[in-house]
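Along the sequence shown, residues are numbered consecutively beginning with 1.
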Amino acid sequence: MPSGCQIRQMTTLLTDVGYALRLFVKKPAFALTAIFTLALGIGAASAIFSVVNAVLLRPLPYAEPDRLVHIASDMRNRNVEDFPWPPADFHDLRTTASAFSGVAALVTGRQVFISPGQTEAEQVNTGAATPNLFRVLGARIVTGSDFTEADGTPPPPQQQAADGQPGAGARQLGPGNAPPPPARTILSHQFFERRFGGDPAIVGTVVRLGDQPFEVIGVLDPGFELLYPPGINVEAVPDLWTPLAVDFASGSRINVFLRVIGRLKEGVTIEAAQRETDALAADLRARFPIKNTAGLHFRVERMHDDLVREVRPVIVALMGAVTFVLLIACANVANLLLVRAASRERELAVRAALGSTRWRIVRQLLTESLLLSGLAIGLGLLFAWGGIRLLLSLGPENLPRLARVSVDPIVVTFAALAGLVSVVLFGLIPAIRASRPDVMDLLRRSGRTGGLASGNWLRSTVVTAEVALSFV
């Protein structure tokens, strides 16, 4: 139960808030100008922070994401980065590298899909990967089961495609040359919901990709996506996944189509993994002149760092810019409060003469600033929401994880903290300045300007700070 002191403090706070609201209604031009100015700064800062949060700060949606790396193939003599891997090079990596608890290869594309019992075809995005991909990433299968290593068994030579790549998931003929059993496929959750209405009975049925049958064995977690830099030609959310049935050991050294992901062993540093892949690249350059001529090198980079490498400087620069915008807004509002305090100096002097302490006057003025800030935070979040909608409509292709940008609780917290910091920046100095009027002098002069009005140096300092921030 609240004590008498707490009740008095609450009553005083409500009185201060009510008084501040009456002042705002009495002079709405000042209140609206201050709120709108501060809301623009908070809105801009919150909108860009939502991008910072989604792209730079939010961890990747995988298990222990700090241990996940992209292993890129670079041709330094040809100034080519992120070149796809050939199957045989991936085989050498998988069999020799000890720094990784697992490495997986994948490729994405498009195929014709036909639902069970239907003839209507649809072009869908597909992914083919080594059967361990989802285990390497730590992705969850929410319905059904994951691939097994047996799903990656390569087809016999007679079932190879004309270009030398085996059909994904092809199988050897059964006993007595019976038709081979269907390969297996895992659906994305989005495709599961869109095409099959989220009906779990689809697991165990047979669908067709191209001219091959596939048995649906599972459905991925709704949040699963492949996160590669936008310039890499990898589909973020393939509709269906099939096992990559390739004979890596005897595969091509020049037919490149794979992307490679690795998970570092517990306690292994990225530098140690880089040394291992450097040794492998040196061995390949020594054995194959074409790789030596191209300057083959492997680059191990954390998935998150690789994802944001190109956009981080721009996002950080934008965040710095809108921070200055917020500071300029605070300086504008501080100047407004200084001018307003000058017009209220007689009122404050009368309150001091009637017994109000300096702290009581400061608290009243800070309550007014807090109320301004609270209203500006609400309006600023609306501005931020509008800015994010505009950003999403523009859809910049080089910005990863764009769909994750939103006004979430973290962004709301940031806006609230920005508002509180703003109160300190624009409200504290005017409040302290206004809380110490020369009571007798002001009352003798009966409202003639002086005291606060003579403190032009403080307002000049604020204006100077505004100009400096604007220049930066």
Side-chain angles (χ1 to χ4, degrees), residues 53-74 81-85 89-108 127-142 146-147 149 152 186 188-189 218 220-238 241 243-244 248 257-278 280-281 297-312 399-404:
N53 179 49
V55 178
L56 300 185
L57 302 181
R58 186 174 296 168
L60 301 185
Y62 308 121
E64 299 181 273
D66 288 343
R67 290 169 54 197
L68 288 172
V69 294
H70 284 150
I71 309 174
S73 176
D74 296 340
E81 290 188 345
D82 294 310
F83 202 61
W85 285 63
D89 287 6
F90 173 71
H91 171 75
D92 290 345
L93 172 71
R94 185 166 60 175
T95 55
T96 61
S98 61
F100 305 98
S101 60
V103 290
L106 61 98
V107 61
T108 62
T130 50
N132 66 335
L133 173 67
F134 303 131
R135 294 187 289 277
V136 168
L137 291 175
R140 293 191 308 120
I141 306 295
V142 295
D146 197 355
F147 296 126
E149 289 304 315
I186 293 176
S188 74
H189 202 276
L220 279 164
D221 182 271
F224 177 80
E225 61 180 328
L226 289 174
L227 292 172
Y228 275 85
I232 304 298
N233 187 25
V234 173
E235 180 65 33
V237 186
W241 283 93
L244 192 59
F248 293 101
F257 58 95
L258 299 174
R259 299 293 177 180
V260 178
I261 293 172
R263 177 175 289 276
L264 298 174
K265 287 182 178 177
E266 189 76 40
V268 173
T269 65
I270 199 166
E271 291 76 17
Q274 185 64 65
R275 286 193 295 270
E276 276 199 355
T277 56
D278 285 344
L280 173 60
H297 285 77
F298 297 135
R299 175 168 40 88
V300 181
E301 194 164 5
R302 296 193 190 278
M303 285 186 69
H304 186 272
D305 294 342
D306 187 38
L307 183 68
V308 302
R309 177 163 41 109
E310 293 185 1
V311 299
R312 178 186 278 117
L399 188 62
R401 310 182 78 184
L402 181 62
R404 305 285 181 179

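None of Ile71, Val69, Val300 except one satisfies the side chain to side chain contact (heavy atoms under 4.5 Å, CB included) rule with Val260; the exception is Ile71.
Atom OG1 of Thr95 and atom CZ of Phe90 lie 9.5 Å apart (nearest 0.5 Å). Rounded to the nearest 0.5 Å, atoms CD (Glu81) and CG (Asp306) are 9.0 Å apart. A distance of 9.0 Å separates CD of Glu266 from OG of Ser101, quoted to the nearest 0.5 Å. Between the CZ atom of Arg401 and the NE2 atom of His304 there is a distance of 6.0 Å, given to the nearest 0.5 Å. To the nearest 0.5 Å, the span separating OG1 on Thr130 from CD on Glu149 amounts to 7.5 Å. Taking CG of Leu137 as the reference point, atom CG of Leu226 lies at 7.0 Å (rounded to 0.5 Å).
Taking the charged nitrogens against the carboxylate oxygens, Arg275 and Asp278 have no contact shorter than 4.0 Å, which rules out a salt bridge. Taking 4.0 Å as the cut-off between side-chain N and carboxylate O, Arg259 and Asp82 do not count as a salt-bridged pair.
Counting only heavy atoms from C-beta outward, the side chains of Leu220 and Ile141 approach each other to under 4.5 Å. Using a 4.5 Å cut-off on side-chain heavy atoms (C-beta onward), Arg263 and Glu64 make contact. Leu227 has its side chain within reach of Pro61: a pair of non-hydrogen atoms, C-beta onward, lies under 4.5 Å apart.
A distance-only check finds no donor-acceptor pair linking the side chain of Asp221 to the backbone of Val142 [under 3.5 Å]. Not a single donor-acceptor pair under 3.5 Å links the side chain of Glu301 to the backbone N or O of Ala72. No donor-acceptor pair closer than 3.5 Å links the side chain of Arg67 to the backbone N or O of Ala63. With hydrogens and angles disregarded, no donor-acceptor distance shorter than 3.5 Å links the side chain of Glu235 to the backbone of Thr108.
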Would you please test Leu264 and Phe100 for side-chain contact (heavy atoms from CB on, under 4.5 Å) and show each step? CA-CA 4 Å; Leu264 298 174; Phe100 305 98; 3.7 Å; yes
- prompt: Could you walk me through whether Leu60 and Leu68 pass the side-chain contact (heavy atoms from CB on, under 4.5 Å) check?
  reply: CA-CA 10 Å; Leu60 301 185; Leu68 288 172; 5.8 Å; no
Requested in this report: Determine, stepwise, if the pair Ile232 / His70 fulfils side-chain contact (heavy atoms from CB on, under 4.5 Å).
Outcome: CA-CA 12 Å; Ile232 304 298; His70 284 150; over 6 Å; no
- Task: Verify ring-ring contact (aromatic ring centres under 6.0 Å, His included) between Phe224 and His189, making sure each step is shown before the conclusion.
- Result: CA-CA 8 Å; Phe224 177 80; His189 202 276; over 10 Å; no
Q. Can you check side-chain contact (heavy atoms from CB on, under 4.5 Å) on Leu244 and Leu106, steps first, answer last?
A. CA-CA 7 Å; Leu244 192 59; Leu106 61 98; over 6 Å; no
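In terms of heavy-atom proximity, Val136 sits nearest to Ala104 at CG2-CB, 4.2 Å.
In this pair, Phe134 and Phe147 present their aromatic rings parallel. The plane angle is below 30°, not in the 30 to 60° band. Under the 30°/60° scheme for interplanar angles, the aromatic rings of Trp85 and Phe298 are found to lie parallel.
When the side-chain hydrogen bond (donor to acceptor under 3.5 Å, both in side chains) test is applied to Arg302, no partner is found at least two apart in sequence or on another chain.
Annotation: Arg140, atom CZ; neighbour count of heavy atoms from other residues, nucleotides and ligands within 6.0 Å does not exceed 12. More than 12 heavy atoms of other residues, nucleotides or ligands sit less than 6.0 Å from atom CG of Asp305.
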